[in-house]
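Here, residue 1 is the first one in the sequence, and each next residue gets the next number.
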Amino acid sequence: MQPQELRELSFDVDIGSSEGLSVDQMTRGRLQFLIGQNAYVVLQTQFADAKAGILLAIVGALAIIVSDRQTEVHPYLLSGYILVTFIVVAICLLALLPRVPKKTQAAMMQKSDLFSWPSLSSDAMKAEEYADLMRSSNASVLVMSIARSNVAVAQVLRVKYRLLRLALGFAMIDLIALGIVFNASMFSGGI
């Protein structure tokens, strides 16, 4: 069973290497790997947010174009287009929504994660205690903390990309609806 608090970690576990590397080399390698992984996951999260923002801007621009032609379009077609546009906007906004843990959850995080900002900003985290812990922490505590933080950030990223995929699907429907709206307005003598 995995301990919940970093202070409960067992230090009798062998952290050496079967490849003959020293414990120092392995610790340094593990920490570099985890920090690199964290930077990659954070970058991908920013990339997902940028994609959602761009999709939001494109859908908004298309909605402005359609609203300029609203008198030339059948009301049912226009209503359908507006509905799909609102769905895309809502999903994009959900993808952009920051995932902020509740106070109690952040307080629990600070016991098992010393690397993420929610645990560091928790009311339960005291600057002096954190500084003392960092000064005296074993490498295993740091490795476990960063690893747990990476998993939490990756889970947020997965949700963002699922929402983004859903938004892109509805954006395609929106684009098809836009084509139908413009075709209908052409055949009715508009444009």
Side-chain angles (χ1 to χ4, degrees), residues 1-57 88 90-171:
M1 184 175 142
Q2 194 174 33
Q4 289 298 328
E5 290 193 33
L6 290 170
R7 294 177 181 134
E8 296 174 5
L9 285 175
S10 172
F11 295 109
D12 59 351
V13 177
D14 181 26
I15 60 171
S17 164
S18 61
E19 295 95 10
L21 299 172
S22 74
V23 173
D24 289 343
Q25 287 174 310
M26 284 306 302
T27 300
R28 210 173 298 118
R30 287 177 181 133
L31 285 170
Q32 286 175 340
F33 174 81
L34 288 168
I35 291 171
Q37 185 180 52
N38 182 269
Y40 174 77
V41 174
V42 168
L43 179 67
Q44 290 301 311
T45 302
Q46 293 168 342
F47 191 52
D49 287 345
K51 284 180 175 182
I54 290 168
L55 183 59
L56 198 56
V88 173
I91 295 170
C92 285
L93 291 176
L94 279 175
L96 289 170
L97 188 70
R99 304 317 192 266
V100 180
K102 296 175 184 164
K103 278 186 159 190
T104 54
Q105 187 181 7
M108 293 303 294
M109 286 175 69
Q110 68 93 19
K111 294 177 182 178
S112 64
D113 169 15
L114 302 171
F115 193 72
S116 69
W117 72 265
S119 66
L120 292 176
S121 65
S122 161
D123 291 338
M125 182 67 79
K126 304 296 178 226
E128 299 79 25
E129 290 175 14
Y130 178 71
D132 285 341
L133 185 60
M134 286 295 101
R135 187 170 39 83
S136 62
S137 284
N138 289 309
S140 297
V141 170
L142 300 175
V143 167
M144 291 297 291
S145 178
I146 297 168
R148 289 176 180 169
S149 177
N150 287 356
V151 168
V153 174
Q155 290 169 345
V156 169
L157 179 62
R158 184 180 58 209
V159 170
K160 283 183 177 284
Y161 270 102
R162 283 183 177 164
L163 287 169
L164 190 57
R165 183 180 291 157
L166 185 62
L168 284 169
F170 276 104

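- The structure places CG of L94 at 6.0 Å from CG of L163, a figure rounded to the nearest 0.5 Å.
- Atom-to-atom distance recorded for Y161:OH and F47:CZ is 5.5 Å, nearest 0.5 angstrom.
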Show your working on side chain to side chain contact (heavy atoms under 4.5 Å, CB included) between N150 and V41 and close with a plain yes or no.
CA-CA 7 Å; N150 287 356; V41 174; 5.6 Å; no

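- Every residue meeting the side-chain contact (heavy atoms from CB on, under 4.5 Å) condition with I54, not counting sequence neighbours, appears here in chain and number order: I58.
- Contact record, L34 with V143: CD1-O, 3.4 Å, taken as the closest heavy-atom pair.
- When every heavy atom of A171 is checked against every heavy atom of L55, the shortest pair comes out as CB-CD1, 3.6 Å.
- The nearest pair of heavy atoms linking A52 to C92 is O-SG, 3.8 Å.
- The structure places OH of Y40 at 10.0 Å from OG1 of T45, a figure rounded to the nearest 0.5 Å.
- With rounding to the nearest 0.5 Å, the separation of CG in D132 from CZ in R135 is 4.5 Å.
- Residues satisfying the salt bridge (charged side-chain N to carboxylate O under 4.0 Å, His left out) criterion with K160, sequence neighbours excluded, are D49.
- Interatomic distance, CZ of R165 versus NZ of K51, reported as 10.0 Å (0.5 Å rounding).
- L96 approaches L56 most closely through the heavy-atom pair CD1-CD2, 4.2 Å.
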